[in-house]
> 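Okay, handing you the structure first.
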Amino acid sequence: MVSGAEQAELFVYDEDLGKGIALPIHPDPESHEAIRAAWDRFMPHIEADTPPELTERDRLLRTILPGLRLPRPLPDGVGPGRGKSAADEARAALLKLG
């Protein structure tokens, strides 16, 4: 689309295995219009240094399923509403100094 190349290569390397694979990527002219339109919508955010609005694809609602159990119990002071936060502890230490 930009360079006019007939082929590009995507190279994926696995350090643990010590080897990689090169995958040939060929242009898809049918996707060029959609790519250009998405770029034109996104570029103003780059120019203004502002993030785009979140879409449904950017959100994930997480819920705990009934019957789902943690693999092991949480230690004391860990979890929602349990124990002091680091900010609470720092505040208490500062108050002691005053």
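In what follows, residues are counted from 1 in the order of the sequence shown.
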> Name each donor-acceptor pair under 3.5 Å that joins a side chain in residues 32-54 to protein atoms two or more places apart or in another chain, with its distance.
from: R41; atom 1: NH1; to: A37; atom 2: O; distance (Å): 3.4
from: H45; atom 1: ND1; to: T50; atom 2: O; distance (Å): 3.4

> Nearest 0.5 Å, please: how far is CD1 in I21 from CG in D14?
11.5 Å

> For A5 and P27, work out which heavy atoms get closest and say how close.
O-CG, 3.5 Å

> If the condition is side chain to side chain contact (heavy atoms under 4.5 Å, CB included), which residues does P24 pass it with, not counting sequence neighbours?
Q7, H26

> Should we say atom CD of E9 is surrounded by more than 12 heavy atoms from elsewhere, each under 6.0 Å from it?
yes

